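Following this message is one structure expressed as C-alpha cells.
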2 protein chains.
Amino acid sequence: MQKYYQKIKNSPIFYGMADFELDRMLECFKASIKNYEAGDTIIRRGDIITKIYVILEGEVNIEKDSYWGRRIIIQKLHENNNIALSLVASKNTESNINAICTKDATILILNYEKCSAMCQNACMHHGAFIRNMFKILSKENVELVEKIENISQKSIRDKLLTYLSNESEKNKSNMFEIQFNRQELADYLNIDRSAMSFELSKLKREGLINYKKNKFILRVEV
Amino acid sequence: MQKYYQKIKNSPIFYGMADFELDRMLECFKASIKNYEAGDTIIRRGDIITKIYVILEGEVNIEKDSYWGRRIIIQKLHENNNIALSLVASKNTESNINAICTKDATILILNYEKCSAMCQNACMHHGAFIRNMFKILSKENVELVEKIENISQKSIRDKLLTYLSNESEKNKSNMFEIQFNRQELADYLNIDRSAMSFELSKLKREGLINYKKNKFILRVEV
DNA sequence: TCCTTTTTGTTGTAAAAACAACAGAAATGT
DNA sequence: ACATTTCTGTTGTTTTTACAACAAAAAGGA
C-alpha cells in the first residue's frame with residue numbers, strides 16, 4: 001500500500017484531502033490493493049458490485065457481449081479512472097458490463113458499502129469524498145454521451161471523422177495518438193475492422209487525415 | 001411554487017428531507033419554476049450550464065445534431081428526471097447537447113453554483129442533496145450504457161430486439177408501452193424509419209413480437 | 001538475425017441498410 | 001362528419017457495410 005501512496009493521494013477521488021484525512025479514509029474504507037494481468041477479468045457481468053475500484057496503473061476495457069456474441073467496447077480506462085462507479089450507488093448493483101484488464105493493472109479497492117453504512121454522517125471527510133465521486137461520475141457521463149455521438153454517425157466515414165475530431169479536441173492538437181488498436185477501435189465504433197481500415201486508407205489518400213499506427217494527424221475541421 | 005410543492009417534495013433529488021429542510025434548500029438554491037411548450041429549446045448546445053433543471057411535468061428530449069445535420073436522440077426524459085446534471089459539476093460546463101421540450105413542461109430550476117459556493121460546508125442539508133445527485137447520476141449512467149448496448153447491435157433486427165427486450169425487462173412484463181413514436185425510435189436507434197417499420201412488420205409476421213401503435217408484446221426471450 | 005505471431009491493409013462478393021416515393025391509417029381541428 | 005395533417009407501413013433501387021480470404025507489415029521471441 002505504501003508503495004502506491006503517492007498515486008492514491010493524487011487520485012481525483014481523494015482530491016483536496018490532507019494526508020491525515022486520506023489515512024483516515026483508507027482505514028475507514030478498508031482499502032486494499034489487487035494486481036491483475038492483461039487478459040484477466042476484473043468484473044464479470046452479473047457480479048454484485050459493492051466496492052469502489054480505482055485504477056492506479058494499467059489499462060482496463062469496459063465491454064459488453066451482445067446476445068449474439070459480438071464484443072462491444074464501451075470505453076477504455078486508465079490510471080485514476082474508476083470501474084463501474086455508477087453501480088455502487090444503484091439499487092441494482094448487479095454489473096451490466098465486463099471489465100477486462102488489457103495491460104497489467106494495479107487496482108485500489110475501497111469497501112464503500114461498509115464505510116457508507118458506518119459513517120453516513122459521522123466521518124467528516126465523507127462529504128468531500130462523495131463530492132469527488134460526483135465529479136468523476138459527471139465526467140464519465142459526458143464521455144458516454146461523446147461515445148454515443150461517435151457511434152451514432154450514419155457511415156463508417158462519419159464515425160471515423162467524428163471520433164478523430166473529438167480526440168483531436170481532447171488533445172487540443174490536430175496531432176494525437178489514439179488509445180485503441182484497429183480491432184478495438186472497430187469494436188468501439190461498432191463497425192467491421194477491415195471496412196474501417198479501408199475507409200482510413202481512403203481518408204488518407206484524399207488527404208483528410210494522415211496516420212502511422214496509432215499516431216494521427218487530422219487535416220480538416222469537422 | 002406552492003402549486004408544485006408536493007411534486008418537488010417527491011422528487012428524488014430531495015429524497016429523505018423533511019419539509020423544513022426542503023424549504024431551507026429551496027431558499028438556498030433560489031429555486032424558480034419555468035414553463036415550456038412543446039417544441040421549445042430548453043438548452044442549446046454551447047450554453048453554459050450552472051443551474052440544476054428538474055422536470056416536474058412534461059417531456060424533454062436530449063438530442064445532438066451531427067455535423068452533417070442528422071438528429072440523434074440521446075434519451076427521453078420525464079417527470080423527476082434532471083436535465084444535463086452531469087454538466088453542472090464538470091470543469092467545462094458548456095452544454096454538449098440540446099434539450100428540446102416535446103410535451104409542455106414545467107421545470108424546477110436550482111441555482112447550484114450560488115448555493116454550492118455559499119454553503120459548501122455550512123448548509124447541513126447539502127450533504128444529503130449531493131448524495132441524492134450522485135444516485136441520480138449513477139442511474140443516468142446505467143441508462144446511457146444501456147442505450148449504447150441498444151445501438152451497438154449490428155443489424156436493425158438486433159437493435160429492435162435488444163431495445164424491446166430491455167424495455168420489457170424494465171417494465172417487468174412482456175407487455176409494455178414504449179415512449180418513442182416511430183421517427184423518434186429510429187433516431188434513438190440510429191436507423192432509417194422506413195427500414196425499421198419494415199423490420200417491425202417482419203418480426204410481427206414471424207410471431208416474435210406483436211404491437212399496435214406504441215403498445216408491444218414480446219413473445220421471445222432475447 | 002530469422003522465424004513466428006500478431007496486427008493492419010486490400011479486394012471481391014453477398015447481405016443489409018439508406019433513401020425516395022408513395023399508400024394507408026390515425027389523429028387533429030373545424 | 002369531413003377535411004387536413006401527421007404518423008406509420010410498403011416497395012423498389014442505390015449505396016453502404018459485413019464478411020471472408022488473403023497479403024503485407026510490424027512486433028516479439030529465440
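Note on naming: letters A, B, ... go to the chains in the order of the sequence lines (proteins, then strands), and numbering restarts at 1 for each one. This structure is a prediction, so every number in the text was calculated from the model and none was measured.
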Distance, rounded to the nearest Å, where B:K212 contributes NZ and C:dA25 contributes P
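It is 12 Å, rounded to the nearest whole Å.
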For B:K202 and C:dA15, give me the distance from atom NZ to atom P, rounded to whole Å.
12 Å
Short N/O separations, protein against nucleotides 27-30 of chain D, under 3.5 angstrom:
none

What is the separation between atom CZ on B:R182 and atom P on C:dA27, rounded to the nearest whole Å?
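The distance from CZ of B:R182 to P of C:dA27 comes to 12 Å, rounded to the nearest Å.
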Neighbour count above 12 (heavy atom, 6.0 Å) for A:Y15 OH:
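Not more than 12 within 6.0 Å, no.
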So, is A:S201 near the phosphate of C:dT10, with a side-chain N or O under 4.0 Å from OP1 or OP2?
yes
Report each atom pair, protein N/O against N/O of nucleotides 16-19 of chain C, whose distance is under 3.5 angstrom.
from, atom 1, to, atom 2, distance (Å)
C:dA17, OP1, B:I156, N, 2.6
C:dA18, OP2, B:D192, N, 3.1

From OG (A:S168) to CD1 (A:I178), nearest 0.5 Å
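If we round to the nearest 0.5 Å, A:S168:OG and A:I178:CD1 are 13.0 Å apart.
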Check the pair A:K170, A:E146 against salt bridge (Lys or Arg N to Asp or Glu O under 4.0 Å), reporting the backbone distance first and the verdict last.
CA-CA 11 Å; A:K170 274 195 274 187; A:E146 186 187 300; 3.2 Å; yes
Here the distance between atom C1' of C:dT11 and atom CZ of A:R205, to the nearest Å, is 12 Å
Just say parallel, tilted or perpendicular for the rings of B:F216 and B:F176, cut-offs at 30° and 60°.
parallel
Gap between atoms CG and C1', on B:N181 and D:dT5 respectively (whole Å)
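In whole Å, D:dT5 C1' and B:N181 CG are 15 Å from each other.
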Compute the bend angle of the helix from C:dT1-D:dA30 to C:dT30-D:dA1 from the end axes (five pairs per end), rounded to 10°.
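For the helix from C:dT1-D:dA30 to C:dT30-D:dA1, the axes at either end differ by 60°.
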Is there side-chain contact between A:I156 and A:K202, with at least one heavy-atom pair below 4.5 Å?
no
Quiz question: by atom type and distance under 3.5 Å, do the side chains of B:S95 and B:D47 form a donor-acceptor pair?
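No donor-acceptor contact under 3.5 Å links the two side chains.
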B:N214 to B:F180 - nearest heavy-atom pair and separation:
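The pair with the smallest heavy-atom distance is ND2-O, 3.3 Å.
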